[in-house]
Amino acid sequence: MIQLMNYCKSCTLEQIRGIKCSIAGLIRVSENYSVSIETKELSRELYQQIKHSDNDVIYLKTVDQHVTIMGYWVTDKHTRGVENVVFSITCEAKKSFWGSQYCNVHDNCFEEFSMQVTEGTELVGLTPYGKLDTKGILSHIQSAIHIDTHMKKIGKEEGFSCFIAPEVQRIGMDIRLGVQYGINYSQERTLSISDIEDKIYNIVLLMEILCGERVSVTNMKVRQGEEIYKYLGQPIMLKERLHAFDREHFDSRGYVRRKIFKLSDFNQDIDEVIRRFGELYAEDQVAFGAYQQLMMDDELQIFTVNNFLKAMQMVEGIERAGDRKKAHKEFKKIRNSIVEKLADEDDKQFITDYCDDHGEEFRECLDRITNNCFMVLSETDNSGCTDIISNMKKDRDVYTHASHKSEPLLSQADLRGITYCFEVFFRIEVFIYLGLSKELMRKRFSYDKRFVAYYENLFGQTIKAEACGTGE
């Protein structure tokens with residue numbers, strides 16, 4: 001498969017929106033894998049037909065690729081000539097498929113897909129190598145290095161699966177040992193591209209929960225019959241542009257492997273884990289959206305009181321998810337039974353208008369999430385933290401409601417630490433739902449030095465020491 005970053009070649013557009021043509025152009029792929037097409041010599045009549053597009057298809061070819069564009073925006077146009085009848089336009093592709101022939105992009109036309117993501121080898125969590133035997137290698141010029149290598153895989157034939165395999169590279173006189181990995185999905189019935197994007201969104205969001213950072217798709221392929229296409233359409237962010245490993249010197253790559261949770265932590269049935277995670281996400285998309293916004297702000301090293309409010313939004317969402325609809329239905333049933341017993345119509349209307357279900361108090365949500373997480377990490381409750389929890393509730397009201405005239409009680413430094421702690425607490429609640437053990441959570445979070453410091457300074461808690469390993 002060709003490398004597409006900074007790809008730039010002349011092309012011929014052969015079909016646009018079902019209209020056959022032969023138009024010379026130029027196709028570019030940026031360093032972030034966005035695809036643009038520039039064309040010359042486009043008639044006014046054809047421009048009027050193609051200027052608006054939702055999922056319309058463009059077929060074009062270069063010297064080495066057949067490219068199928070699914071959906072595009074016209075981002076720029078110029079005219080020339082006395083009658084302004086010849087157009088030069090620039091289009092930005094929404095989705096594109098690259099292969100040795102054109103792709104059929106109609107509904108349910110793909111059999112499987114595979115993908116790679118930033119820090120993918122860390123997130124898969126497997127190693128293809130056994131222990132390296134280097135005994136005596138430094139004291140003898142001639143010595144044998146014995147390395148056990150095995151391809152490893154988790155998952156089943158259908159659904160999601162991951163593999164990791166050894167990779168040997170020869171560079172000049174050097175031999176470098178590396179790893180090659182993939183995250184795959186296949187099933188009996190065929191998939192549409194929207195099905196694939198939904199599944200990718202779920203597993204990428206799960207991996208963002210696992211590692212506590214933004215995760216970006218760096219490589220994706222789809223299979224249609226015997227043909228494999230490289231797919232560009234997912235947002236890409238180059239890892240070297242991020243600041244995830246330079247956070248005020250709290251972290252370094254020496255600690256990353258052990259603090260990052262991995263797909264292999266769930267043993268074999270990762271497809272079931274991803275399915276259950278998708279159900280949890282569907283119950284409260286707002287809370288997960290707030291989590292993703294915090295991850296993005298963290299990468300950009302942005303912090304304001306809005307980050308604190310997003311963290312409180314996560315708390316409210318994750319703690320009120322689940323039986324909320326059932327509880328509201330029960331409330332309405334009881335309210336209606338009371339209304340039926342009233343004789344006066346004004347009384348009935350008053351109860352209907354003003355007796356509403358406001359759900360749990362926010363303080364109850366704070367108490368529950370801190371109790372749950374303290375029990376996981378420290379085997380204790382939050383009875384010693386009532387003051388800081390009360391201050392969080394009051395500050396949340398101060399920053400949320402304009403009618404509050406009180407001054408905030410917590411400093412910016414406190415808010416920053418609280419926000420990070422509740423990012424971790426949010427992840428712990430998800431891990432509890434997905435069935436990870438308390439012992440593993442304690443072990444991994446004990447390597448997150450930033451969290452350990454905030455957890456002790458703000459809440460006076462320490463993580464209970466565990467003897468179990470993390471699998472590395």
Nearest heavy-atom approach of Val117 to Val215 is CB-CG1, 3.7 Å
Between the side chains of Tyr454 and Asp448, is a donor N or O closer than 3.5 angstrom to an acceptor N or O?
no
Closest non-hydrogen atoms of Lys443 and Tyr447, given as atom of the first, atom of the second and distance, are O-CD1, 3.1 Å
Notebook entry, point to check: Where the side chain of Thr118 meets the backbone of Ser216, is there a donor-acceptor pair that is under 3.5 Å apart?
Noted result: yes
Problem set entry | Validation row: Arg214, Gln292 side chains within 4.5 angstrom (heavy atoms) | yes
All heavy atoms of Ile318 vs all of Ala287, minimum pair found to be N-CB, 4.1 Å
Report the C-alpha separation of Arg275 and Asp271 in whole Å, then their side-chain angles, then the decisive distance to 0.1 Å, and conclude whether the salt bridge (charged side-chain N to carboxylate O under 4.0 Å, His left out) test is met. CA-CA 6 Å; Arg275 184 193 65 78; Asp271 192 60; over 6 Å; no
Take Lys464 and Leu377 through the test side-chain contact (heavy atoms from CB on, under 4.5 Å) and record every step on the way to the result. CA-CA 6 Å; Lys464 184 180 178 182; Leu377 297 174; over 6 Å; no
### Contact check, side chains of Phe431 and Val376, non-hydrogen atoms, under 4.5 Å
no
Next on the checklist: Taking the ring centre of each residue, are Phe110 and Phe97 less than 6.0 Å apart?
Outcome noted: yes
Original post:
Short question: side chain of Tyr291, backbone of Glu208 - any donor-acceptor pair under 3.5 Å?
Top reply: yes
Salt bridge Arg276-Glu279, side-chain N to carboxylate O under 4.0 Å = no
**Prompt:** Could you go step by step and tell me if Leu294 and Asp298 meet the side-chain contact (heavy atoms from CB on, under 4.5 Å) rule?
**Reply:** CA-CA 6 Å; Leu294 285 174; Asp298 211 20; over 6 Å; no
For Arg396, the salt bridge (charged side-chain N to carboxylate O under 4.0 Å, His left out) test, sequence neighbours excluded, returns Glu316
Residues at least two apart in sequence or cross-chain that pass ring-ring contact (aromatic ring centres under 6.0 Å, His included) with Phe303, listed by chain then number, are none
Using modelled atom types and a 3.5 Å cut-off, is there a donor and acceptor pairing between side-chain atoms of Arg28 and backbone atoms of Val35?
no
For Asp297, the salt bridge (charged side-chain N to carboxylate O under 4.0 Å, His left out) test, sequence neighbours excluded, returns Lys310
- Query: Would the Tyr7 and Trp98 ring centres measure less than 6.0 Å apart?
  - Reply: yes
Margin query: Can you confirm whether Ile302 sits close enough to Met296 that some side-chain heavy atom of one is under 4.5 Å from a side-chain heavy atom of the other?
Written below: no
message = Let's go through Ile196 and Asp198 carefully: what are the C-alpha distance in whole Å and the side-chain angles of both, what is the deciding distance for side-chain contact (heavy atoms from CB on, under 4.5 Å) to 0.1 Å, and is it a yes or a no?
response = CA-CA 5 Å; Ile196 291 174; Asp198 288 343; over 6 Å; no
Rounded to the nearest 0.5 Å, the OG atom of Ser264 sits from the CG atom of Leu123 at a distance of 9.5 Å
Here the gap from Leu300 atom CG to Met295 atom CE, rounded to the nearest 0.5 Å, amounts to 12.0 Å
What one should report as the nearest heavy-atom pair of Cys162 and Ile183 is SG-CG1, 4.1 Å
Give the intermediate values and the outcome of side-chain contact (heavy atoms from CB on, under 4.5 Å) for residues Ile418 and Met392.
CA-CA 9 Å; Ile418 288 167; Met392 288 160 52; 3.7 Å; yes
In this structure, CG of Leu210 is separated from CZ of Phe266 (nearest 0.5 Å) by 5.5 Å
Sorted by chain and number, sequence neighbours left out, ring-ring contact (aromatic ring centres under 6.0 Å, His included) with Tyr455 holds for Phe374, Phe451
Within-4.5 Å side-chain heavy-atom neighbours: Lys393 and Met312: no
CD1 of Ile369 to CD1 of Ile389, rounded to nearest 0.5 Å, is 10.5 Å
Is the closest side-chain heavy-atom distance between Leu366 and Phe422 below 4.5 Å? yes
| query | Looking only at atom types and distance, does a side-chain atom of Asn184 sit under 3.5 Å from a main-chain N or O of Ser161, one as donor and one as acceptor? | reply | no
By salt bridge (charged side-chain N to carboxylate O under 4.0 Å, His left out), Arg223 pairs with (sequence neighbours left out) Glu112
Relative to each other, are the rings of Tyr281 and Tyr201 parallel, tilted or perpendicular (30° and 60° limits)? tilted
| Gln224 side chain to Cys109 main-chain N or O, any donor-acceptor pair under 3.5 Å? | yes
Is there a donor-acceptor contact under 3.5 Å from the side chain of Asp265 to the main chain of Lys262? yes
Value for CG (Asn307) from CD (Gln412), rounded to nearest 0.5 Å, stands at 9.5 Å
Between Phe308 and Thr419 the two heavy atoms that sit nearest each other are CA-OG1, 3.4 Å
Taking 4.0 angstrom as the limit, do Lys394 and Asp387 come out as a salt bridge? no
Given the options Leu409, Thr370, Leu458, Ile388 meets side-chain contact (heavy atoms from CB on, under 4.5 Å) only with Leu458
Checklist entry - Step by step, would you call Asp367 with Arg363 a salt bridge (charged side-chain N to carboxylate O under 4.0 Å, His left out)? => result CA-CA 6 Å; Asp367 283 335; Arg363 174 59 189 254; 3.2 Å; yes
Backbone of Lys199 reached by a side-chain donor or acceptor of Asn202 within 3.5 Å:
no
**Asked** For the rings on Phe445 and Phe261, is their centre-to-centre separation under 6.0 Å?
**Response** yes
Salt bridge or not between Arg442 and Glu379? Use side-chain N to carboxylate O under 4.0 Å. yes
When you compare the side chains of Tyr185 and Gln187, does any donor N or O come within less than 3.5 Å of an acceptor on the partner? yes
- Using modelled atom types only, decide if a donor and an acceptor are shared between the side chain of Ser378 and the backbone of Thr380 within a distance under 3.5 Å. no
Contacts of Gln180 meeting side-chain hydrogen bond (donor to acceptor under 3.5 Å, both in side chains) (sequence neighbours excluded), chain-then-number -> Gln116, Glu167
May I ask you to decide if Tyr72's main-chain N or O and Glu92's side chain share a donor-acceptor pair within less than 3.5 Å? no
The reported gap from CZ in Phe113 to NZ in Lys221 (rounded to nearest 0.5 angstrom) is 14.0 Å
Between Cys211 and Arg427, the two heavy atoms sitting closest are C-NH2, 3.7 Å
Can you find a heavy atom in the side chain of Val430 that is under 4.5 Å from one in the side chain of Leu434? yes
Donor-acceptor pair, side chain of Glu456 and main chain of Gln461, under 3.5 angstrom
no
Under 3.5 Å, is there a donor on one side chain and an acceptor on the other for Ser411 and Asp414? yes
**Report entry** Phe288 and Phe426, any side-chain heavy atoms less than 4.5 Å apart
**Finding:** yes
Any Ile228 side-chain heavy atom under 4.5 Å of Val222 side chain
no
